[in-house]
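What follows is a set of notes on a single structure, which appears directly below.
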Amino acid sequence: MRWSTLFIPTLRDTPGDAEAVSHQLLVRAGYIRQLHAGHYSLLPLGLRSHTKVANIVRQEMDAIGAQEFVHPAMHPASLWQQSGRWETMGQEMFRLVDRKGADLALGMTHEEVFTLLSKELGSYKQLPQMWYQVQTKFRDEPRPKAGLLRVREFDMKDSYSFDIDDAGLDLSFQKHHDAYVRIFARLGLPAFPVVASSGAMGGGSSLEFMVPSPAGEDDVAMCPNCDYRANVERATSALPDVAPKDGPDELERFATPGIVTIAALAKFEGGAGAIHQIKTLVMVLDGTVTLVCLRGDHQLNLQKLQDATGAIDIRPAEEAETVAALGAKPGSLGAVNVSHLRVIADEALRGRYHMTTGANEDGWHWRGVSVDRDLHVAQWTDLREVTKGEPCINCGAKLDIAKCIEVGHIFKLGTKYSDALGASVLDADGVLKPLIMGCYGIGIGRNLAAVIESHHDEKGMVLPVTIAPYEAVITVVKVDDAESMRIAESLYDELRSEGIDVLLDDRDERPGVKFADAELVGIPFRITLGPKGLANGMAEFTPRETRQSADVAVGEVGRYTIELVHEGRRLGR
RNA sequence: CGGGUUGUGGCUCAGCUUGGUAGAGCGCUGCGUUCGGGACGCAGAGGUCGGGAGUUCAAAUCUCCCCAACCCGACCA
């Protein structure tokens with residue numbers, strides 16, 4: 001294509017409302033424009049890259065034997081009611097009513113739809129099956145942000161596996177895992193898998209693929225020494241044993257006027273250090289007031305609480321609810337001898353004694369608390385959030401916490417959806433068995449953004465050949481020089497005939513403008529044709545990544561470019 | 001949904017405190033000069049000042065209501 005005829009609205013200034021680098025560059029380079037919050041138009045360049053990302057995903061899915069579908073984006077409510085997610089998805093699902101008054105939903109994922117179709121499977125002999133689509137999802141995100149990283153309407157590759165047994169699921173899961181590794185390699189993304197919470201998808205284990213980036217929304221605990229990596233929603237660490245504090249063995253109430261924080265109690269005469277305190281949080285789980293206990297210096301991870309309890313709606317109690325439940329305000333709360341409320345406690349409190357906690361009367365605390373003796377713990381679980389510097393659970397090295405972008409997520413679902421929708425097949429013994437399912441997602445636009453987050457410099461995007469909208473650009477320095485244009489056209493034809501996505505920058509602009517634009521939009525290779533070089537039979541070849549120009553003979557620059565493009569296309573293969 | 005910020009031409013912003021003819025840079029159009037890293041001169045086009053109501057002789061500016069976007073938190077590919 002000729003640049004002079006394309007719509008590539010590059011911007012010299014960074015748009016004021018863009019914070020993330022990928023967002024700034026996508027807008028500046030003329031890849032996207034916002035329609036409203038969380039909804040973006042893909043412009044020609046953006047669409048080309050987006051399509052290339054999707055096609056890489058398709059190729060790797062096809063390579064593991066998956067089959068492509070396209071399902072409707074709009075679904076009947078009844079389907080979601082069958083799985084129970086009409087209720088559990090809550091506010092995040094876009095819902096509408098048609099002229100007949102029927103409830104409809106815009107699909108935020110397609111477990112139900114694929115599972116419905118899987119009912120046409122009748123025999124174990126037809127398994128395994130792996131089905132996928134690249135389709136638009138709608139999610140009423142509470143807060144769209146960072147350009148393409150978090151939006152309300154986006155294309156996702158979602159795939160689903162159907163197996164007769166767990167061993168089959170393990171294999172399908174592993175195939176997806178390996179396919180994802182290849183996909184991210186071809187995108188040039190430094191992605192790695194971490195154990196994750198499965199959230200609203202339900203089911204068993206799940207792995208997230210993460211790419212470190214300051215624009216990321218997930219915190220991942222990473223061991224610098226071994227390969228331990230986990231989302232903080234799941235991460236644990238090895239905690240050193242805490243020697244019990246000196247103090248009474250029996251419960252002893254003491255006055256703590258005005259002391260309403262852990263920190264204040266730690267400094268208070270007769271108080272206790274944070275690690276000797278029990279922090280008592282009053283939470284409302286699906287409408288039920290519940291006490292959550294942690295060590296004083298530990299933070300609750302809400303996702304862990306949600307995973308441990310299965311609650312859908314979790315919020316801190318209002319002060320009035322707290323007073324009604326315990327008779328005291330936050331700052332003097334404790335679970336000692338509380339039996340009318342469910343008490344959930346973090347593992348780090350197990351067996352602890354000589355502890356200090358609130359006495360459920362404003363201005364009073366207990367010391368001499370023995371967790372086993374004085375707290376009626378209904379559920380022990382891991383609730384605390386791992387923090388930087390804690391010892392790795394595997395090797396003891398100090399953990400780092402890194403911000404990451406979640407670029408893919410693979411789940412073992414089990415039979416949640418096949419049970420709900422009655423999808424089953426006969427096994428070899430003629431017994432009806434529910435399909436064992438897995439589901440696997442990759443957001444296309446988010447991956448594009450993630451690539452930009454990890455491949456850019458001060459001049460703009462530095463896209464890998466695999467997904468750059470154009471692989472090479474021929475920049476004509478002086479378009480009114482007949483010889484320059486003749487050579488450019490000839491080179492352009494040569495590259496096109498070899499299947500290279502090549503752009504001919506034939507705009508009557510100053511060279512600086514053309515160089516800057518080519519760098520901003522991130523085209524991997526630039527061939528510059530100017531009268532001076534051509535007089536010596538030379539073209540100039542500039543890889544975007546290094547920006548180091550080299551002279552190449554005009555007669556050879558086409559071949560040279562083709563070879564480098566081919567090499568670039570092989571990235572990760 | 002809670003907290004914060006911002007809405008002025010295609011983009012970046014000034015003007016608002018102290019009400020009085022709507023501005024700059026970039027971009028765009030024309031002409032000329034220039035021509036290998038975002039040129040220069042001259043002449044132009046382009047704005048319901050987010051929307052509505054109110055106060056006032058007079059509102060971008062003051063008041064109220066609404067809307068939208070962005071950022072920080074709770075959610076996810």
Side-chain angles (χ1 to χ4, degrees), chain A residues 9-20 23 27-28 30 33-39 53 57 89-92 108-109 134-159 180 191 196-201 206 208-211 216-218 231 233 300-303 305-306 312-316 405-411 439-450 459-460 475-481 484 508-520 526 528-534 540 542 547 549:
Chain A
T10 58
L11 263 26
R12 194 181 294 210
D13 294 317
T14 299
D17 57 6
E19 191 88 354
H23 185 192
V27 175
R28 279 191 62 208
R33 287 292 185 267
Q34 184 181 64
L35 181 61
H36 56 142
H39 300 262
V53 172
V57 173
M89 279 306 186
Q91 293 281 91
E92 203 169 319
M108 31 196 300
T109 172
V134 178
Q135 221 263 15
T136 306
K137 310 297 184 201
F138 296 88
R139 295 185 187 175
D140 193 355
E141 292 287 344
R143 185 154 98 85
K145 59 176 285 201
L148 257 29
L149 283 174
R150 178 163 216 77
V151 292
R152 303 204 302 173
E153 175 180 349
F154 61 99
D155 277 13
M156 178 166 93
K157 184 286 298 177
D158 50 321
S159 50
Y180 275 37
S197 159
S198 44
M201 293 299 172
S206 80
E208 289 170 330
F209 285 85
M210 293 293 195
V211 173
E217 300 182 88
D218 285 271
N231 194 309
E233 294 171 353
L300 171 67
N301 183 289
L302 268 184
Q303 189 65 47
L305 179 62
Q306 182 155 32
I312 295 161
D313 181 39
I314 296 185
R315 62 175 173 85
I405 299 169
E406 180 188 350
V407 290
H409 202 158
I410 58 180
F411 300 85
C439 77
Y440 317 90
I442 289 188
I444 305 300
R446 180 183 283 186
N447 271 265
L448 210 208
K459 299 289 185 183
T475 303
V476 182
V477 170
K478 207 170 158 54
V479 293
D480 52 5
D481 178 59
S484 291
D508 185 12
E509 286 286 353
R510 301 176 68 83
V513 172
K514 302 211 237 187
F515 297 153
D517 274 345
E519 285 164 353
L520 177 60
R526 187 181 84 217
T528 309
L529 264 20
K532 288 178 194 164
L534 293 179
E540 190 178 283
T542 315
R547 298 179 64 237
S549 298

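Chain identifiers are assigned alphabetically (A, B, ...) following the order of the sequence lines, protein sequences preceding nucleic acid strands; residue numbering begins at 1 within each chain.
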Separation between the [atom1] atoms of [N] and [M], rounded to whole Å:
| N | M | atom1 | value |
| --- | --- | --- | --- |
| B/G19 | B/U63 | C1' | 13 Å |
| B/C72 | B/C35 | P | 48 Å |
| B/G41 | B/G37 | C1' | 22 Å |
| B/A14 | B/A45 | C1' | 22 Å |
| B/A24 | B/A77 | C1' | 43 Å |
| B/C1 | B/A53 | C1' | 28 Å |
| B/U5 | B/C11 | P | 24 Å |
| B/C26 | B/A68 | C1' | 26 Å |

Assigned partner base of [N], Watson-Crick or wobble definition, under 3.5 Å:
| N | value |
| --- | --- |
| B/A58 | none |
| B/C31 | B/G41 |
| B/A53 | B/U63 |
| B/C76 | none |
| B/G23 | B/C13 |
| B/A68 | B/U6 |
| B/G36 | none |

Gap separating the [atom1] atom of [X] from the [atom2] atom of [Y], nearest 0.5 angstrom:
| X | Y | atom1 | atom2 | value |
| --- | --- | --- | --- | --- |
| A/Glu509 | A/Asp517 | CD | CG | 8.0 Å |
| A/Glu153 | A/His36 | CD | NE2 | 7.0 Å |
| A/Gln34 | A/His39 | CD | NE2 | 9.5 Å |

Mapping A/Leu302 and A/Pro144 onto RNA chain B by nearest heavy atom, which one lands closer to the 5' end? A/Pro144
Nearest-nucleotide 5' precedence on RNA chain B, A/Arg446 against A/Lys478: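 It is A/Lys478 whose nearest nucleotide is closer to the 5' end.
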Flag as yes if A/Phe154 stacks onto the base of B/A77 (centroids under 5.5 Å, planes under 30°), otherwise no.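 Given the distance and angle limits, yes, they stack.
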Separation of [N] [atom2] from [X] [atom1] (nearest whole Å):
| X | N | atom1 | atom2 | value |
| --- | --- | --- | --- | --- |
| A/Asp140 | B/A74 | CG | P | 19 Å |
| A/Phe515 | B/C35 | CZ | P | 16 Å |
| A/Phe209 | B/A77 | CZ | P | 13 Å |
| A/Asp480 | B/G36 | CG | C1' | 14 Å |
| A/Glu141 | B/G73 | CD | P | 15 Å |
| A/Arg143 | B/G3 | CZ | P | 15 Å |
| A/Glu233 | B/A74 | CD | C1' | 12 Å |
| A/Arg150 | B/A74 | CZ | P | 12 Å |

Please name all residues satisfying ring pair (Phe, Tyr, Trp, His ring centres under 6.0 Å) with A/Tyr440, sequence neighbours left out, ordered by chain then number.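 Applying ring pair (Phe, Tyr, Trp, His ring centres under 6.0 Å) to A/Tyr440 gives A/His176.
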Could you check whether any side-chain N or O of [X] sits under 3.5 Å from a backbone N or O of [Y], counting only pairs where one atom can act as donor and the other as acceptor?
| X | Y | answer |
| --- | --- | --- |
| A/Arg446 | A/Val407 | no |
| A/Lys514 | A/Val477 | no |
| A/Arg33 | A/Val27 | yes |

Could you check whether [X] gets within reach of a base, just the sugar-phosphate, or nothing at all, counting any heavy atom under 4.0 Å?
| X | answer |
| --- | --- |
| A/Pro15 | sugar-phosphate |
| A/Val476 | nothing |
| A/Asn447 | nothing |
| A/Glu92 | sugar-phosphate |
| A/Gly512 | sugar-phosphate |
| A/Thr14 | sugar-phosphate |
| A/Arg33 | nothing |
| A/Ala518 | nothing |
| A/Asp517 | base |
| A/Arg152 | nothing |
| A/Gly530 | base |

[X] side chain: which of [options] is closest?
| X | options | answer |
| --- | --- | --- |
| A/Ala37 | B/C76, B/A69, B/G36 | B/A69 |
| A/Arg510 | B/A77, B/U34, B/G38 | B/U34 |
| A/Val513 | B/C76, B/U12, B/G38 | B/G38 |
| A/Gln34 | B/U12, B/A69, B/C76 | B/A69 |
| A/Ala516 | B/G38, B/C76, B/A77 | B/G38 |
| A/Leu11 | B/C11, B/C76, B/G37 | B/C11 |
| A/Pro511 | B/C76, B/A69, B/G36 | B/G36 |
| A/Glu406 | B/G37, B/G38, B/C76 | B/C76 |

List, with names and distances, any nitrogen or oxygen atoms from the protein found under 3.5 Å away from nitrogen or oxygen atoms belonging to nucleotides 22-32 of chain B.
residue	atom	partner	partner atom	Å
B/G25	N2	A/Asp13	OD2	3.4
B/G27	OP1	A/Arg12	NH2	3.2

With a sphere of 6.0 Å drawn around CG of A/Asp508, does it hold more than 12 non-hydrogen atoms of other residues, nucleotides or ligands? no
Please confirm whether any donor atom in the side chain of A/Glu519 sits under 3.5 Å from an acceptor in the base of B/G38, or the reverse. no
Distance-minimising heavy-atom pair for A/Gly530 and A/Ser484: C-OG, 4.2 Å
I'd like to check the side-chain hydrogen bond (donor to acceptor under 3.5 Å, both in side chains) partners of A/Lys145; sequence neighbours left out, ordered by chain and number.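 Per chain and number, A/Lys145 pairs via side-chain hydrogen bond (donor to acceptor under 3.5 Å, both in side chains) with no residue.
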Phosphate contact (B/C76 OP1 or OP2) by A/Lys137 side-chain N/O below 4.0 Å: no
Among A/Arg28, A/Arg526, A/Lys459, which residue meets the salt bridge (charged side-chain N to carboxylate O under 4.0 Å, His left out) test with A/Glu519?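 Single pass found, and it is A/Arg526.
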